[in-house]
> 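What follows is a structure written as structure tokens; I'll ask about it next.
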Amino acid sequence: MPQILLLEDDAALSSGIALALKAAGRVVPCVDLAAARQALSAQHFDLLLLDVNLPDGSGLDLCREVRRTSSVPILFLTARDAEYDEVAGLEAGADDYIVKPFSLAVLRARVGAALRRSAQPTEVIQTGDLTLDFSRQLFQRGNEPLTLSRTEQRLLRLLTQNAGRTLSREILLEQVWDGGEFVDENTLSVTIRRLRQKIETDPKKPVYLRTVYGIGYVWGEA
């Protein structure tokens, strides 16, 4: 059964979320960063649900820490609803950003989708100086290892599978974010920018992930 870490300091909300996700996996609740760090050091998790505002700091910091070594799916559950906050969450490495109050049914669906995507086996792709092993979640540019979030992996895989074909922003939103009803185009732009910073030698002059202005993006073989 999948292991889910839930970092939420509101006891009532934490209990409700744990109950709602009972069928999805075993939920380990944590009330602050210290407890979450301890849990992460003690066991493996298949998905992280993080609040931003916590008694002893910010969930953004924990997200950045985890992303240095892991591509485990990370979803933010937070009351911070400004566009700046969502961008900050995605740039910290989150795969999704859900604003409170939210529907528990929608949360279940998004958690289920994230777990399904993380379990999908994929092939190894080599192009230019990139080695992309999706099945083992190992990615390199030359000899440099790359840490990619689940969303970045899904976006990269979709683009590489359609190399040479321009994919519209609408298609990317629909297929990378399971329908795209709950995300906006700003989320896609942030993810594209973050991915380019990792895979491109010069993100301002991309060789692989190219923009087709007015349409979308295309993966070009180097």
> Starting from I125, can I reach Y217 by hopping between I/L/V/M/F/W/Y residues whose side chains sit under 4.5 Å apart?
yes
> Can you hop from L195 to L146 via hydrophobic side chains spaced under 4.5 Å?
yes
> Mind checking whether L50 and L77 have side chains closer than 4.5 Å, heavy atoms only?
no
> Do V207 and T201 have side chains that get closer than 4.5 Å, going by heavy atoms?
no
> Are any non-hydrogen side-chain atoms of L49 and V111 less than 4.5 angstrom apart?
yes
> Any side-chain heavy-atom pair from E86 and T187 closer than 4.5 angstrom?
yes
> Do L7 and V31 share a hydrophobic cluster, counting only Ile, Leu, Val, Met, Phe, Trp and Tyr and linking them when any side-chain heavy atoms are less than 4.5 Å apart?
no
> Determine whether more than 12 heavy atoms belonging to other residues, nucleotides or ligands lie under 6.0 Å from atom CG of D202.
yes
> Do C30 and L6 come close enough that some side-chain heavy atom pair is under 4.5 Å?
no
> Applying side chain to side chain contact (heavy atoms under 4.5 Å, CB included), can you list everything that pairs with V212, at least two apart in sequence or on another chain?
T166, I215, V218
> With K100, which residues qualify under side chain to side chain donor-acceptor pair (under 3.5 Å), at least two apart?
E8, D51
> Inspect the contact between R193 and E91 and indicate whether a charged nitrogen and a carboxylate oxygen are less than 4.0 angstrom apart.
yes
> Do T151 and W177 pass the side-chain contact (heavy atoms from CB on, under 4.5 Å) test, and can you show the C-alpha distance, the side-chain angles, and the key distance before you say yes or no?
CA-CA 8 Å; T151 299; W177 282 273; 3.4 Å; yes
> For F139, which residues count as a ring-ring contact (aromatic ring centres under 6.0 Å, His included) partner, sequence neighbours excluded?
F134
> Go through the structure and list residues passing side chain to side chain donor-acceptor pair (under 3.5 Å) with N162, not counting sequence neighbours.
R165
> Write out all pairs satisfying salt bridge (Lys or Arg N to Asp or Glu O under 4.0 Å) with one or both partners inside residues 58-75, taking only residues at least two apart or from two chains.
R37-E65, D61-R64, R67-D95
> So do the side chains of S71 and L148 get within less than 4.5 Å of each other, counting heavy atoms only?
no
> Checking salt bridge (charged side-chain N to carboxylate O under 4.0 Å, His left out) between D96 and each of R110, R150, R154, which is the one that passes?
R110
> Given the rule that I, L, V, M, F, W and Y join up when any side-chain heavy atoms are under 4.5 Å apart, are I4 and F102 in one cluster?
yes
> Hey, quick one: are V66 and L138 part of the same hydrophobic cluster, counting side-chain heavy atoms closer than 4.5 Å, chains of contacts allowed?
no
> Who are the side chain to side chain contact (heavy atoms under 4.5 Å, CB included) partners of Q43, not counting sequence neighbours?
Q3, R26, V28, F45
